[in-house]
**Student:** 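Can you read through this structure? Questions will come right after.
In what follows, every chain begins at residue 1, and chains take the letters A, B, ... in the order their sequences are listed.
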There are 2 protein chains.
Amino acid sequence: MSGEAAYADWIAVDWGTSRLRVWAMSREGVARARASSEDGMNGLARDAFEPALLHLIEPWLGTGQVSVLACGMVGSRQGWAEVPYQPVPCVPGALKPVAVPTRDARIRLFIMPGMSQMTPADVMRGEETQIAGFLTEEPAFDGVLCLPGTHTKWVHISAGEVVSFQTFMTGELFRLLSEQSVLRHGVSRENMDGARFTSAVSDALSRPERMAQRLFAIRAEGVLQGLTPEAARGQLSGGLIGAELAAARPYWLGQQVVVAGAPALAALYVEALASQGATARMLDAGPLTRTGLARAYLTLAETTS
Amino acid sequence: MSGEAAYADWIAVDWGTSRLRVWAMSREGVARARASSEDGMNGLARDAFEPALLHLIEPWLGTGQVSVLACGMVGSRQGWAEVPYQPVPCVPGALKPVAVPTRDARIRLFIMPGMSQMTPADVMRGEETQIAGFLTEEPAFDGVLCLPGTHTKWVHISAGEVVSFQTFMTGELFRLLSEQSVLRHGVSRENMDGARFTSAVSDALSRPERMAQRLFAIRAEGVLQGLTPEAARGQLSGGLIGAELAAARPYWLGQQVVVAGAPALAALYVEALASQGATARMLDAGPLTRTGLARAYLTLAETTS
């Protein structure tokens with residue numbers, strides 16, 4: 001590298017559907033700076049990805065070339081460049097970042113492949129890197145990792161491999177129902193009645209076939225019985241998470257479970273599992289993506305040096 | 001009545017969440033003219049209801065006073081005036097329209113009460129008038145009436161009474177998922193693979209606890225296995241209707257069932273029921289509201305004459 005030294009030895013990028021987050025990384029995997037924007041994949045045409053990235057990382061570039069490692073929906077068909085999925089079973093830490101050409105010669109871009117499963121059909125993009133980060137911290141983990149979010153993933157891990165996984169649209173359903181359906185009038189945007197949440201989880205688990213009828217009952221109880229917005233939020237969230245737990249039972253029953261997500265959401269999953277007699281450990285998912293990208297950077301440095 | 005004769009003897013109004021439909025009626029219950037607009041309850045402040053109505057019915061008014069009978073969300077808390085629910089069990093044809101004051105002296109407005117049920121909590125507004133219309137045509141009906149729509153109702157009718165009912169948000173869920181979720185990229189707006197619909201119904205009925213996981217599989221099969229948009233629509237619609245049938249089983253198993261709705265949607269329900277060995281009769285719901293309002297008009301004429 002010649003000329004002015006770059007502030008970042010390499011750059012880590014978490015590029016999802018609705019957000020873009022970047023970190024200026026040291027060779028040792030320490031984040032020196034961070035930045036983010038609302039330039040998620042959803043709002044960008046193919047040509048707009050590179051400018052959106054440069055807009056954030058420009059201050060970290062020198063005159064030499066810096067590696068940029070990205071994961072998430074940026075690698076999907078609607079992203080910057082489509083990067084193939086790696087089928088399970090699969091070792092997350094061994095996933096090979098794929099080089100993608102850029103116009104700006106100061107960056108050398110790599111995108112992480114996602115993971116796929118044929119039966120039942122399932123895909124992930126971004127979570128494979130979180131899993132790699134998790135296994136970097138806990139290489140001997142054997143059990144189930146739950147990653148709650150818009151599309152919650154339950155991941156069965158054994159001997160360092162992802163054996164199988166299962167996605168649930170629980171987070172997206174909650175958002176659509178609480179913000180855009182007839183229920184929006186009666187569901188609190190912020191506070192939740194915890195007891196109502198727990199009873200809704202239990203009810204959904206004991207009679208999962210009634211899921212479809214529980215939703216409108218939230219509206220009716222609001223109108224007829226003065227159900228509070230906080231109780232309505234507990235009922236909706238508990239009903240949806242309970243239905244998810246009913247379907248994901250093979251993933252958590254009698255398994256060692258770690259729930260890694262945004263703390264408030266992860267806590268709900270841990271609580272729901274506890275109400276069913278299952279103990280789960282909670283982990284802040286915040287650093288996992290960065291750790292996973294740092295692991296991939298090492299692989300890259302080894303193979304290209 | 002003095003002065004210029006009105007074109008309508010009375011006016012029937014079906015005022016829902018998103019649409020306003022009116023008919024100029026003869027004393028004998030024949031529609032002489034019709035009109036409609038997008039002035040549904042959702043878009044109107046309380047003061048805007050009367051102008052929205054007059055905008056449509058003005059040409060039908062004379063110098064005298066004309067009765068206007070309305071049903072639907074116009075009678076809800078967010079409507080023109082809140083009209084109380086009538087609890088079940090309840091005879092739909094005996095529901096008493098409630099007089100609501102208007103500024104314009106040429107109209108005398110009445111709004112139909114909705115129906116409510118305490119356990120399990122449930123409410124309807126508008127469907128009670130459809131049911132009254134149905135029972136006007138088939139007074140001896142004993143069985144279950146299914147009214148599919150945004151919020152599908154299953155109604156148990158015996159000896160001319162509504163004994164109980166149950167609402168499912170299936171229509172609203174289908175719209176949100178097919179138009180606003182991650183599934184929107186892969187679900188056809190128009191055409192449906194019928195075989196896929198039927199298999200999705202059966203699958204949902206035999207394993208209703210897996211509802212939450214089937215949704216994302218539609219996305220994954222699209223990405224990995226080239227699921228066509230038509231098959232995706234069949235899968236989504238069949239999965240949701242199947243989940244509804246699983247929860248509504250006590251309403252249709254071994255019962256005499258009539259499905260009254262928009263023909264294309266009603267046909268899906270009849271087909272789904274047939275795939276489970278249940279025979280249902282199909283009925284176009286189009287005229288039911290008008291017939292129900294005409295029946296209420298007779299009651300009104302009797303009590304006010």
**Student:** Which atom names give the shortest non-hydrogen contact between Arg210(B) and Ala247(A), and what distance separates them?
**Tutor:**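 Closest pair (atom of Arg210(B), atom of Ala247(A), distance): CA-CB, 4.0 Å.
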**Student:** Which region of Gln166(A), side chain (C-beta onward) or backbone (N, CA, C, O), has a non-hydrogen atom less than 4.5 Å from a non-hydrogen atom of chain B, or is it both or neither?
**Tutor:**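 When you check distances to chain B, only side chain atoms of Gln166(A) fall under 4.5 Å.
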**Student:** Tell me, side chain or backbone of Thr167(B) under 4.5 Å from chain A's heavy atoms, or both, or neither?
**Tutor:**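 For Thr167(B), the contact with chain A is made by backbone and side chain together.
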**Student:** With a 4.5 angstrom heavy-atom cut-off, which part of Leu227(A) approaches chain B: side chain, backbone, both or neither?
**Tutor:**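 Interface part for Leu227(A): neither.
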**Student:** Search all heavy atoms of Glu172(B) against all heavy atoms of Val182(A) and return the closest pair with its distance.
**Tutor:**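 In terms of heavy atoms, the two residues are closest at OE2-N, 3.0 Å.
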**Student:** What are the residues of residues 73-83 of chain A, in order of number, with any heavy atom under 4.5 angstrom from a heavy atom of chain B?
**Tutor:**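 Within residues 73-83 of chain A, near chain B: Met73(A), Arg77(A), Gln78(A).
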**Student:** Of the non-hydrogen atoms in Ser181(B) and Leu176(A), which two are nearest, and what is the gap between them?
**Tutor:**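 Scanning both residues completely, I find the closest heavy atoms to be CB-CD1, 3.9 Å.
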**Student:** Within the structure provided, determine whether Phe168(B) and Leu215(A) are in side-chain contact (heavy-atom separation under 4.5 Å).
**Tutor:**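 Of all side-chain heavy-atom pairs linking Leu215(A) with Phe168(B), none is under 4.5 Å.
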**Student:** Nearest 0.5 Å, please: how far is OG1 in Thr152(B) from CD in Gln213(A)?
**Tutor:**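 That separation rounds to 13.0 Å.
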**Student:** Quick one: which of Val223(A), Asn42(A), Ile218(A), Leu205(A) has the most heavy-atom pairs under 4.5 Å with chain B, could you say?
**Tutor:**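 Top option by heavy-atom pairs under 4.5 Å: Val223(A).
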**Student:** Looking only at non-hydrogen atoms, find the nearest pair between Asp122(A) and Leu224(B) and report the distance.
**Tutor:**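 Looks like O-CD1, 3.4 Å.
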**Student:** When you compare the side chain of Leu183(B) with that of Met169(A), does any pair of heavy atoms fall below 4.5 Å?
**Tutor:**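 A side-chain contact exists here, since the closest heavy-atom pair is under 4.5 Å.
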**Student:** Kindly say whether Glu244(A) contributes a backbone atom to a donor-acceptor pair with the side chain of Glu209(B) at under 3.5 angstrom?
**Tutor:**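 Here the side-chain-to-backbone pair does not exist.
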**Student:** Tell me which of these, Gln117(B), Arg219(B), His151(B), has more heavy-atom pairs under 4.5 Å with chain A than the rest.
**Tutor:**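 Option with the top pair count is His151(B).
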**Student:** Examine distances only and state if a side-chain atom of Gln225(B) and a backbone atom of Met118(A) form a donor-acceptor pair shorter than 3.5 Å.
**Tutor:**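 Confirmed, Gln225(B) side chain pairs with Met118(A) backbone.
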**Student:** Which heavy atom of Val123(B) sits nearest to which heavy atom of Phe216(A), and what is that distance?
**Tutor:**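 Closest heavy-atom pair between Val123(B) and Phe216(A): O-CE2, 3.7 Å.
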